[in-house]
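Below is one structure, written out as structure tokens; comments come after it.
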Amino acid sequence: MKLIKPNPLSKGDTIGIIAPSFFIEKKTEFKLGIKHLEEQGYKIKYGKYVFTKYRNTTATPEERAEDIMSMFIDDDVDGIIASDGGCTSIELLDKLNYDLISKNPKIFSGFSDIAHLNLAILAKSNLSTLYGLDIVNGFGSNAKEKVYSYNTQFFNKICLTRENVGLLPNFGVWENWRNGKAEGHLVGGWIDAITNLVHTPFLPDFDNIILFWESVDLQPHNLNMMLNSLKMSNFSKKIRGMVIGNFTNCDEKEYWDCTPTIKDIVLEATEAAGIPILANVDFGHTHQHLSIPEGVIASIDSKRCLFKIKESYCE
């Protein structure tokens, strides 16, 4: 696979806003996120269905796919950012025109359920996207907090230049769960999306993969099933290392008195592979939102708690 990369952003560029999953419930955070982008010098263009509501999403799958495609083919739009996550973006994967996306490469950023789109676009269009900031949970955070600067400064560092960003900065304390070094193409996001797509044509295929993932509202016994399903796939044979983000609300409720820890579950599921694992890295459903580019080559040294991107995201 030859990776396609977007052009970097510049002040005065237009950001296209889409809402491909959850409808805009957190209106205050959404407005604040738009305000912060405008203060950085960007123009804003909204998708047709951003402010509508249909069931637990914004519009029908066909209409939401239309919004995404309209942003990619619009010459006035320089980058695309999702409003929020949700649980319905998987409905769009067979409705996008991936050839058109590959011919109109742009920065595309979102996380959580948007990982379905990140992975599918990489798999079918060869375009590197960002498992990164969205409007509500990223740019819509309190700008006075130190973590907001951490998030947005790294987003700008990776999106405003054609240079390689190198080592990723840490906000919290990263953990070594298994010693080792590895190099490969970054593939990942929300663990639910990864395991949803593992037996479909919408999961990217590289010979060497650094799998990165995080989780929210997932009980450890369910994570155990997901990781073991992943272990039995052909995809898992190409994983050379693992970068794990934050766990949010992932306490065991059903088997609270007899379920192993998440760390034990991960180590047991990956024991045969023996891959290095770097954990508690600053991304996921928490305040820390490192923007991680899909498909680019990266390396990890888990013993030294180092995570390095080895090529540029933009070109």
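What you see is a predicted model; the values in this text were computed from it and never measured. Residues: numbered from 1 along the sequence shown.
- Looking at residues two or more places apart in sequence or on another chain, you find no side-chain hydrogen bond (donor to acceptor under 3.5 Å, both in side chains) involving Asn56.
- In the displayed structure, His36 atom NE2 is contacted under 6.0 Å by more than 12 heavy atoms of other residues, nucleotides or ligands.
- Counting heavy atoms from C-beta outward, Asn246 and Asn280 have side chains that approach closer than 4.5 Å.
- The backbone N or O of Leu133 lies less than 3.5 Å from a partner atom in the side chain of Ser109, making a donor-acceptor pair.
- Side-chain contact between Leu168 and Trp174 is present, with at least one heavy-atom pair separated by less than 4.5 Å.
- Connection of Leu100 to Ile121 is established within a shared hydrophobic cluster, with ILVMFWY side chains joined at heavy-atom distances below 4.5 Å, either directly or through further cluster members.
- Met225 and Leu203 are members of different hydrophobic clusters when ILVMFWY side chains are connected at heavy-atom separations under 4.5 Å.
- Counting all heavy atoms, side chain and backbone alike, Phe283 lies closest to Leu290 at CB-O, 3.8 Å.
- Heavy-atom minimum distance, Pro260 versus Pro220: O-CB, 4.3 Å.
- Using a 4.0 Å cut-off between a side-chain N of Lys or Arg and a carboxylate O of Asp or Glu, Lys263 and Glu175 do not qualify as a salt bridge.
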Let me check something: any side-chain donor-acceptor pairs from residues 6-21 under 3.5 Å, sequence neighbours excluded? List them with distances.
from	atom 1	to	atom 2	distance (Å)
Asp13	OD2	Ser10	N	2.7
Thr14	OG1	Asp76	O	3.4
Ser21	OG	Gly85	O	3.4
Ser21	OG	Cys87	N	3.0
Ser21	OG	Thr88	N	3.1
Ser21	OG	Thr88	OG1	3.4
Ser21	OG	Asp113	OD2	2.6

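- Taking a cutoff of 4.0 Å between a charged side-chain nitrogen and a carboxylate oxygen, Asp301 and Lys308 do not qualify as a salt bridge.
- The two residues Asn228 and Ala269 come nearest to each other via the heavy atoms ND2-CB, 4.5 Å.
- Applying the 6.0 Å contact sphere to NZ of Lys43 captures no more than 12 heavy atoms from other residues, nucleotides or ligands.
- Neither Phe22 nor Ile68 shares a network with the other; the hydrophobic side chains, linked directly or stepwise wherever heavy atoms of I, L, V, M, F, W or Y lie under 4.5 Å apart, form separate groups for each.
- Taking the six-membered ring where the residue is Trp, the centroids of Phe212 and Phe307 are separated by 6.0 Å or more.
- Residue Lys106 comes nearest to Phe72 through the heavy atom pair NZ-O, 3.0 Å, listed as atom of the first residue, atom of the second, then distance.
- Surrounding NZ of Lys253 are more than 12 heavy atoms belonging to other residues, nucleotides or ligands, all under 6.0 Å away.
- The distance from the CD1 atom of Ile194 to the CD atom of Glu214 is 8.5 Å, given to the nearest 0.5 Å.
- Using modelled atom types, one finds no donor on one side chain facing an acceptor on the other under 3.5 Å when comparing Asp251 with Trp256.
- Proximity of Phe51 to Phe23: side-chain heavy atoms (C-beta onward) are nowhere separated by under 4.5 Å.
- Ion pair Asp84/Lys26 not flagged as a salt bridge, since none of the NZ, NE, NH1 or NH2 atoms sits closer than 4.0 Å to an Asp/Glu carboxylate oxygen.
- Closest approach of Arg240 to Ala182, counting heavy atoms only: O-CB, 3.1 Å.
- Two residues are said to be in side-chain contact when any heavy atoms from C-beta on lie closer than 4.5 Å; Asn126 and Ser102 fail this criterion.
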Which is it for Asn151 and Phe171 under the side chain to side chain contact (heavy atoms under 4.5 Å, CB included) test, yes or no, and what are the steps along the way?
CA-CA 10 Å; Asn151 296 335; Phe171 188 84; over 6 Å; no
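- The shortest distance between side-chain heavy atoms of Val216 and Asp192 does not fall below 4.5 Å.
- Classification of the Tyr98-Phe202 ring pair by plane angle, with boundaries at 30° and 60°, yields tilted.
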Would you check, one step at a time, whether the test side chain to side chain contact (heavy atoms under 4.5 Å, CB included) holds for Ile265 with Leu227?
CA-CA 8 Å; Ile265 287 170; Leu227 292 180; 4.1 Å; yes
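- The backbone N or O of Thr152 sits less than 3.5 Å from a side-chain atom of Asn156, completing a donor-acceptor pair.
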Evaluate the side chain to side chain contact (heavy atoms under 4.5 Å, CB included) criterion for residues Thr259 and Gln219: first the C-alpha distance (whole Å), next the side-chain angles of each, then the deciding distance (0.1 Å), finally the verdict.
CA-CA 10 Å; Thr259 299; Gln219 293 187 65; over 6 Å; no
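- The aromatic rings of Trp190 and His116 stand perpendicular to each other, their planes meeting at an angle above 60°, with 30° marking the opposite boundary.
- Ring planes of His285 and Phe111: tilted class, angle from 30 to 60°.
- At a threshold of 4.5 Å between side-chain heavy atoms, the hydrophobic network of Ile, Leu, Val, Met, Phe, Trp and Tyr places Ile44 and Val136 in one connected group.
- Among pairs with a residue in residues 52-72, those fulfilling salt bridge (charged side-chain N to carboxylate O under 4.0 Å, His left out) read Arg64-Glu91, at least two apart in sequence or across chains.
- Here the side chain of Thr52 pairs a donor or acceptor atom with the backbone of Thr58 at under 3.5 angstrom.
- Leu119 and Ile297 sit in two unconnected hydrophobic clusters of ILVMFWY residues. Membership requires side-chain heavy atoms under 4.5 Å apart, directly or through other members.
- Below 30°, between 30° and 60°, or above 60°: for Phe30 and Tyr46 the angle between ring planes is between 30° and 60°, a tilted geometry.
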When you look at Leu218 and Met226, which way does the side chain to side chain contact (heavy atoms under 4.5 Å, CB included) test go after all the steps?
CA-CA 10 Å; Leu218 183 66; Met226 287 182 175; 3.8 Å; yes
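- When atom types are taken as modelled, the side chain of Tyr313 and the backbone of Arg162 share no donor-acceptor pair closer than 3.5 angstrom.
- Within the structure, the salt bridge (charged side-chain N to carboxylate O under 4.0 Å, His left out) test picks out no pair touching residues 218-234 (sequence neighbours left out).
- Under the rule for a side-chain hydrogen bond (donor to acceptor under 3.5 Å, both in side chains), the partners of Asn176 that lie at least two apart in sequence or sit in another chain are Asn179, Ser302.
- The salt bridge (charged side-chain N to carboxylate O under 4.0 Å, His left out) test applied to Glu183 returns Lys310, not counting sequence neighbours.
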